[in-house]
Structures are given as C-alpha cells and as structure tokens.
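Everything numeric in this text was worked out from a predicted model, so none of it was measured. By convention here, the first residue in the shown sequence is residue 1. Whatever order the structure lists ligands and atoms in, that order sets their numbers, starting from 1.
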Amino acid sequence: MRLNFTKNMLLDLVYPKRCPICGQPAPFGSGICPECRRRLPIIETKRCGKCGKPVEDFEKLCPDCAKGEHLYDRGLGIYMYDETMRRAISELKYKGRREYGEVFGELVCENARSELMYWKPDCLIPIPLHPQRARERGYNQAEVIAHAISEKSGIPTRTDILIRTMETDRMKELSAKDRTNNMIRAFSAAGDCRGLRRVVLIDDIYTTGATIDAASAVLRSAGIDEIYFLAVCIGGGFMVSY
Ligand SMILES: [Zn+2]
Ligand SMILES: [Zn+2]
C-alpha cells in the first residue's frame, strides 16, 4: 500500500495531473483550478423530475419523460454538455486523460449528495464498455468516474453485475426505441445480484437515455427494484434551445 502511494506520488511529479478545463497542471491536491471550476456549466434551472434535464418553471417533466417511456426510476446529469465539457470528455475518452474522470466523479458526488442520501443505493454500477474497447482505451471512463464517487461517498462500485457482451454500431439513425432495444442486446446481467435492491448507474453523458434505459431493463429482469442514474453531463435532444 505504502509502495503504491509512493509510486503514485512519483507519477504525479513525472506526469502531473492536468485540469480538465484548461489543460494546465492542476493545483496540487486538487484536480481542477478554482477558476476553471467556477466556469463549469452547472445546471441551476428547474430540472425534469425524471431525467433531470432542464425544464421550464411550469413543467414537472420534460416532453420526453411526459410520454413515460423511460425504464429507470430517475436520475440526473450535473453539467450541460457544452463545448468546454465536450472537449474535456473527449480527452477523457480518447486521449488517455484518465484523471479527468476522477475529478468529474468527485464533482458529481458533491453535486448529487442529497440524491445519494435520499436514494440510499446499495451500489454504483458503471455503464460497461465492450472489453476490447476498454483494452484499447486502457480504462472504462464510467468506471473511473464511479470509483471516484465511491471513494468520496463510501458507496461501493460493482463492475461484476452488468457486463457488455456485444459492441454496438453507431446508432445515430435509429429511433430512441430501436436504440434501446439494440443496447439491451449488448448488455447482460452477471455476478451475484443478491442483496442489491437499489442501484445507481454511472455514465459520462446522458443524451437520449437509450443506454441507461437498456441497462435498467437488464438489471430489472435480474431482480433489482430501484434504478437511478448519475451522469457528468446532459446533452442533446430538445434542450439545445436552453
Ligand atoms: Zn484549469
Ligand atoms: Zn425528462
């Protein structure tokens, strides 16, 4: 353990962790500069009671959720998926900036403290990547985010419950329902779900909800009662006008 700590410290010196927003070496002991943190596009307007997307003051649910098609209980993304976040998330996923996931996990945890207390989840479940994709990338960004939330909240992360058995093709042309069905085939429940009643799915971006819906369908048929989600960002869909 001690050896590990020393090795990490040394790695920090040789490869300093960078701030996900400005890309400069982050202040020691914090993954993000205080001024960059203030620039993050946090959602402060009223949110949809189901998916957490911004809604007008008079609305309880967004137009999508009013149709009642989602398969999870509820959830939220903390930030808008604007240009700043798009760049940071893309570097997390494709440029090996694993540390950005750690910072975002901590920020999600801080901003969703009351939800986590209210939901009382038994565990966090990161949306799995196909093993081959994870090998190419070196890590699954959702797992990095989940572990950072675990570290701060004490809620364990389980990576053995939901697995990815298939890679999915680009699904831009598909309708929301077809996307969900396509994703359901890509996931399966594994591991020991006994004792799990309430779980929180973790992902980097929530857009149409197809991924979270598919994961929820699979977990529900494995006997899990309450399924929530937390995402770093909310993007796409109708709320581009906000
Ligand atoms: Zn910065
Ligand atoms: Zn909604």
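Rounding to the nearest 0.5 Å gives a distance of 8.0 Å between CG of L124 and CG of L230.
For the 3.5 Å distance criterion, the side chains of E102 and Y100 fail to qualify, holding no donor opposite an acceptor.
The Zn ion (ligand 2) has an N, O or S atom of C62 closer than 2.8 Å.
Expressed to the nearest 10°, the angle at the Zn ion (ligand 2) joining SG in C48 with SG in C51 is 110°. In this structure, SG of C36 and SG of C19 enclose an angle of 110° at the Zn ion (ligand 1), rounded to 10°. For the pair SG of C22 and SG of C33, the angle at the Zn ion (ligand 1) is about 110°; rounding is to 10 degrees.
Side-chain atoms of R164 come within 3.5 Å of backbone N or O of P128 as a donor-acceptor pair.
Cation-pi geometry between K50 and Y72 is met: under 6.0 angstrom from the ring centre, within 45 degrees of the axis.
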